[in-house]
Amino acid sequence: MDRVVTNTPVYDIHTHLYDPAFGELLLWGIDDVLVYHYLVSEGFRQFDLEYDVFWAMSKEQQAEAIWNALFIENSPISEACRGVLTTLNLLGLDVKKRDLPALRKWFADWDKDKYTNRVMELAKVGSICMTNSPFDEMEKPTWDAGFNRDERFTSALRIDPLLLDWTNTSRSLAEWGYDVRPDLSEKTITNIRRFLEDWTKKIDAKYLMVSLPPDFNYPCSSERARLMETAVLPHCREFGLPFAMMPGVKRGVNPQLKLAGDGVAKSCVESFANLISAHPDNKFLITALSRENQYELCVMARKFRNLHLFGCWWFTNTPYLINEMTRMRIELLGLSFTPQHSDARVLDQLLYKWSHSRKIIGNVLTKKYLDLMETGWDPTPAEIERDVKNLFGGNFRRFCDGSSTSVTSSSASMKEEEFAI
Ligand code: RAT
Ligand code: ZN
C-alpha cells in the first residue's frame with residue numbers, strides 16, 4: 001500500500017508553476033522557497049519590521065529575515081516551515097546545520113532544466129497543470145510569441161479578471177482587438193467568446209478556472225452571473241472543457257501583506273448546486289477554501305455527476321485538514337474525486353507538498369482497505385494500484401476527456417451505482 005501511494009506518478013492538476021520556456025517565471029531554489037507567501041504571513045507574526053521595510057528588501061534579504069524569524073529564532077514547526085525542511089531533506093541536504101549560505105551554494109550549482117527533471121523525478125510528478133492568465137503581463141508575451149512546449153506541463157485558462165472585474169477587463173479586451181463594451185450586449189458576448197476561444201486554443205487549455213469570493217450567489221442578475229451563463233459556460237460546452245470554481249477567498253484582507261494578505265470565509269454551497277443543476281451539460285470542478293463548506297460539497301457531489309471535487313486548497317492544504325477532508329470524501333464519494341493538487345508556486349515545493357499528502361492519503365486508504373478486509377473482501381494489489389492511479393490523475397483525466405454527453409444528467413434521483421464516470 002505504502003509503496004503504491006509513494007511511487008504512483010501524479011498529475012498535479014493545479015499549480016502556479018511554469019513550463020521552463022517561461023524562463024524566470026518558473027521559480028526554484030532556496031530563496032524563492034523561503035519567500036513563499038505562506039511563509040511571509042507567518043514571518044510577519046514574528047518580525048519586528050514595518051511592512052514597507054520588508055518589501056523594500058531584496059529577495060535574498062527577505063529570505064534571510066524569514067529564515068532567522070521562523071527557523072533560527074523559533075522552531076520551524078508550522079506546515080509551511082516543515083515543508084521547507086522536507087524539501088531540503090529530500091534533496092539530500094543536511095538541514096540540522098542551519099546553514100543558509102551553504103544551502104544557497106548548493107542550489108547555485110544547478111541548471112534550471114536539470115533541476116526541473118530532478119524535482120519531478122524525485123517528487124514522482126508526471127504532469128503539472130499550470131495556471132495561465134491572458135491578463136498576466138508577465139506571461140502573455142511568451143504565449144503571444146509562441147514556444148516549444150514541454151509536454152509535461154499542461155494549461156488551465158484562468159479568468160478571474162473577466163468574471164470579477166469586467167469593467168476594467170473590457171478595456172483590456174478592447175485594446176487587444178475584441179469589439180467589446182462594458183455593457184453585455186450580444187455583440188460583446190460574441191467577442192468575449194471569441195477571446196475565450198482564441199486563448200483556449202493558444203494555450204491548449206484543459207479547463208477554465210476562477211477563484212470566487214464567499215458572497216457568490218446564484219441565481220442572480222449580476223454581471224458575473226450573466227457572463228458565466230452567456231459566455232463562459234457556453235464556451236466550456238462547445239470545447240467540452242470543465243469549469244473549475246474555487247470559492248471562499250477574500251482577497252486583500254490585509255493588503256499590506258500583498259500576495260500573503262488574502263483570507264477565507266464560508267461560501268453558499270446551495271448557490272453552486274443551483275448553478276450546476278441549471279447547467280447539466282457543463283462539467284464543473286470545485287475546490288473550496290473554507291473547511292466549513294467541505295461536508296456540504298461532498299453531499300452535493302453525490303447528486304451531480306457533472307461535478308468533480310478536487311484538492312485541499314491553500315489553507316486546507318495542511319495535514320489535519322487533508323486527513324479530515326480525504327477521509328470524509330472517501331466515505332461519501334468512494335474513489336470518484338481527486339484528493340490533492342499542490343498549488344506549488346516554487347518548483348521545489350512539489351517535493352514536500354506531495355510527500356506530505358501522499359503519506360496522509362496512504363494512511364486514510366490503508367484504514368479503509370483494512371475496514372474492507374474485516375468484511376471478508378480482499379482488495380488485490382492490482383485493484384489497489386488501479387484505485388491509487390485514479391486518485392492521482394486518472395479520475396481527473398477521465399472527467400476532462402469524457403464527452404459532455406456522458407455527463408448530461410444532473411438528476412438528483414440518479415442511482416449511486418451510476419455515479420462512476
Ligand atoms: O495558494 C496560493 O498560492 C494562493 O495564493 C492562490 O494562488 C490560490 O491558490 C489561487 O489559485 O487563487
Ligand atoms: Zn492556486
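When a residue number appears, it is its place in the shown sequence, counting from 1. In this text the structure is predicted, and so the values were computed from the model without any measurement. Whatever order the structure lists ligands and atoms in, that order sets their numbers, starting from 1.
- Among all heavy-atom pairs drawn from Thr6 and Arg358, the shortest one is O-NH1, 3.4 Å.
- A distance of 12.5 Å separates CG in Leu365 from CZ in Arg327, rounded to the nearest 0.5 Å.
- Counting heavy-atom neighbours within 6.0 Å of Lys202 NZ, excluding the residue itself, gives a total above 12.
- What you find for Asp179 and Asn191 is that their closest heavy atoms are O-ND2, 3.2 Å.
- Within the cation-pi definition used here (under 6.0 Å to the ring centroid, within 45° of the axis), Lys258 qualifies as a partner of Trp55.
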Between the protein and ligand 1, which nitrogen or oxygen pairs come in under 3.5 Å, and how far apart is each?
| residue | atom | partner | partner atom | Å |
| --- | --- | --- | --- | --- |
| ligand 1 | 1 (O) | Tyr38 | OH | 2.8 |
| ligand 1 | 3 (O) | His37 | NE2 | 2.9 |
| ligand 1 | 3 (O) | Arg345 | NE | 2.7 |
| ligand 1 | 3 (O) | Arg345 | NH2 | 3.4 |
| ligand 1 | 5 (O) | His37 | NE2 | 2.9 |
| ligand 1 | 5 (O) | Arg345 | NH2 | 3.1 |
| ligand 1 | 7 (O) | His16 | NE2 | 3.1 |
| ligand 1 | 7 (O) | Arg345 | NH2 | 2.3 |
| ligand 1 | 9 (O) | His16 | NE2 | 3.4 |
| ligand 1 | 9 (O) | Trp313 | NE1 | 2.8 |
| ligand 1 | 9 (O) | Asp343 | OD1 | 2.8 |
| ligand 1 | 9 (O) | Asp343 | OD2 | 3.0 |
| ligand 1 | 11 (O) | His14 | NE2 | 3.2 |
| ligand 1 | 11 (O) | His16 | NE2 | 3.1 |
| ligand 1 | 11 (O) | Arg158 | NH1 | 2.9 |
| ligand 1 | 11 (O) | Arg158 | NH2 | 3.4 |
| ligand 1 | 12 (O) | Arg158 | NH2 | 2.8 |
| ligand 1 | 12 (O) | Arg251 | NH2 | 2.9 |

- Under the side-chain contact (heavy atoms from CB on, under 4.5 Å) rule, what do His14 and Phe310 come out as? Steps first, then yes or no, please. CA-CA 9 Å; His14 171 57; Phe310 74 100; 4.2 Å; yes
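- The Zn ion (ligand 2) has His14 NE2, His16 NE2, Asp343 OD1 as protein N, O or S atoms under 2.8 Å away.
- For the pair Lys140 and Trp176, the distance from NZ or CZ to the six-membered ring centre is under 6.0 Å and the angle to the ring normal is within 45 degrees.
- Between Phe22 and Trp143, the gap from one ring centroid to the other is short of 6.0 Å.
- Glu79 and Arg82 are joined by a salt bridge, as a carboxylate oxygen and a charged side-chain nitrogen come within less than 4.0 angstrom of each other.
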